[in-house]
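A quick note: this is a predicted structure, and the numbers were derived from the prediction, not measured. The figures here come from the full heavy-atom set of this structure, side chains too, leaving out hydrogens, waters and symmetry mates.
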Amino acid sequence: MENDGIKNNFSRRGFLGISSAALAGAGSLAVSSAMAQGNQQRTDRSATDPGPTNSALDTQNPDSAWPRTTDSKSLVQNFKYPFSFANKRTYKGGWSREVTVRELPVSKELAGVNMRLTAGGVRELHWHTADEWAIVLYGSARITSIDRDGKSFVADANKNDLWYFPSGIPHSIQGLDPDGTEFMLVFDDGKFSESETVLLSDSMAHLPPEVLSKNFGVAEAAFKNLPRNELFIFQTALPGSLEADQKAAAGALGKSSENFAFRTMEIPPTKRTKSGEVRIVDSSNFKASANIAMAMVTLHPGGLRELHWHPNADEWQYYISGKGRMTVVATGNKARTMDFQAGDVGYVEKTLLHYIENTGDTDLIFLEMFKSSFYADLSLSEWLAHTPPELVMAHLNIERATLDAIPRDKLVIVPR
């Protein structure tokens, strides 16, 4: 992908409203038939579905209900899972839900956790066996941690800001005024579950009081009120000022020289066209993010994330707003198209050709996530434009004028 100011180290909830009348009887058949005609370009009787249907889901997913004529008849593994289907763990102070390889079997490399904290709500002090990458979707949060030298890190994160905590690095998250926060966590292990985390409360509850007394140098009685069950998320008072927390946490060791947070919107777009823009964040500009790379993509209505593939890692997607469509061309002469709305997770296995198209009338914003220290993609247009012309024309049976019209540079987002 081209670089417009960032070091180039790579080859670089929406729901379509339908009335209650359209959901019943003949209205339901009309909706199904219209989708079938749009995708199949046919009007014969096979393009109807008179039996029981979930019309709401069919209307959200027209390219699954009635596959496009360019899709294959053979099965392509499901690569979509809505967070709406994920069970919420609810607490006083917030909630959490996750999409792992258990919910989306194709998602072997990365797992996602969506979390909400009220103002004052705390995701308790803990650490993970996997690396944690995060983006703030709403509101503001205070994050705390220590680095490998024991020095403290305390910062506030706002909408679109990121943080990254390597495995084993302890940390906490707390919602701030006025309405707490919501964020997306991505872990570099598809099997990872948020319920399998090393928690402060749980750890203390499983240690004998005499060991705690000896370890901390205080009387056993001081620990008589320790929680007997994990806290995970709990409600407490709002923290003080950021400066006060930073000073108190620094102690004699001082503040960490590492920055576990990143201000995404303070960097210029890596690539911008009239149809949208992309911001790439990986270890080249966010040093802490050693094992997860991101592209935040914005497609204006009608915009297309060009046909491409990723040679170095699987792609885990999260759709933040808008409506889109993605076709994935798999090995074995197979292809499948699926539709996406805000809150959906998408997944594309390494090296598979795909595109994402904005099919709505508002901006489509989504994340591309990779288990990698760097971002890399290859453009189909760029490949064809830099292959001997006669060879390409022989493959595709096209004229030289058509080949010459193909962009010679990676555009990322089209039309340019």
(request) Can you run down the salt bridge (charged side-chain N to carboxylate O under 4.0 Å, His left out) pairs that involve residues 345-358, sequence neighbours left out, and say none if there aren't any? (result)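 Sorted pair list: Arg325-Glu357.
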For [X], all residues meeting salt bridge (Lys or Arg N to Asp or Glu O under 4.0 Å), sequence neighbours excluded:
X: Arg416; answer: none
X: Lys214; answer: none
X: Glu194; answer: Arg123
X: Asp131; answer: none

Indicate yes or no for a side-chain donor-acceptor contact from [X] to the backbone of [Y] under 3.5 Å, with no hydrogens or angles considered.
X: Ser373; Y: Ser283; result: no
X: Arg97; Y: Ala86; result: no
X: Ser145; Y: Pro170; result: yes
X: Ser201; Y: Leu231; result: yes
X: Ser213; Y: Val218; result: yes
X: Gln246; Y: Ser152; result: no
X: Ser107; Y: Leu110; result: yes

Looking at [X] versus [Y], is the centre-to-centre ring distance below 6.0 Å?
X: Phe232; Y: His126; answer: no
X: Phe79; Y: Tyr347; answer: no
X: Phe165; Y: Phe260; answer: yes

What residues, two or more places apart in sequence or in another chain, satisfy side-chain contact (heavy atoms from CB on, under 4.5 Å) together with [X]?
X: Thr362; answer: none
X: Asp245; answer: Arg142, Val154, Pro239
X: Pro208; answer: Glu210, Val211
X: Val136; answer: Ala157, Trp163, Thr181

Partner residues of [X] under the side-chain hydrogen bond (donor to acceptor under 3.5 Å, both in side chains) criterion, sequence neighbours left out:
X: Glu306; result: Ser379
X: Asn358; result: none
X: Ser140; result: Asn158

(request) Answer yes or no: is there an ion pair linking Asp344 with Lys323, defined by an N-O contact shorter than 4.0 Å? (result) no
(request) Indicate yes or no: does Arg68 engage Asp63 in a salt bridge with an N to O separation below 4.0 Å. (result)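 Judged by the 4.0 Å cut-off on N to carboxylate O distance, Arg68 and Asp63 do form a salt bridge.
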(message) Under the side chain to side chain donor-acceptor pair (under 3.5 Å) test against His354, which residue among His308, Gln317, Arg305 passes?
(response) His308
(request) Hey, can you tell me if Tyr375 and Phe370 have their rings parallel, tilted or perpendicular (30° and 60° cut-offs)? (result) perpendicular
